[in-house]
Amino acid sequence: MIGCLLLFPIAGFFLAMGVYMSTMMALFGALAAAMGIYMGGLIAYFTAFFMFMFG
């Protein structure tokens, strides 16, 4: 009986860690998307700048 009851806090811990890890994955995914949009804007800007200046 004690061994079975010990599984409840372990299951709760794994559930909390799963929520935490998926939240972190969502956060880093959003950060990566924002950085991709930002870098795309910079690349477009500098491409137009160099084409205008030296093209």
Just to verify, what does Phe50 make a ring-ring contact (aromatic ring centres under 6.0 Å, His included) with, not counting sequence neighbours?
Phe54

Please work out which of the three classes, parallel, tilted or perpendicular, describes the rings of Phe49 and Phe46, given edges at 30° and 60°.
perpendicular

For residues Leu42 and Met53: do they belong to one hydrophobic cluster (side chain heavy atoms under 4.5 Å, members Ile, Leu, Val, Met, Phe, Trp, Tyr)?
yes

Going only through I, L, V, M, F, W and Y residues with side-chain contacts under 4.5 Å, is there a path from Tyr45 to Met39?
yes

Enumerate donor-acceptor pairs with a distance under 3.5 Å from any side-chain N or O in residues 11-24 to protein atoms, sequence neighbours excluded.
unit_1	atom_1	unit_2	atom_2	d
Ser22	OG	Gly18	O	2.7
Ser22	OG	Val19	O	3.0
Thr23	OG1	Val19	O	2.6

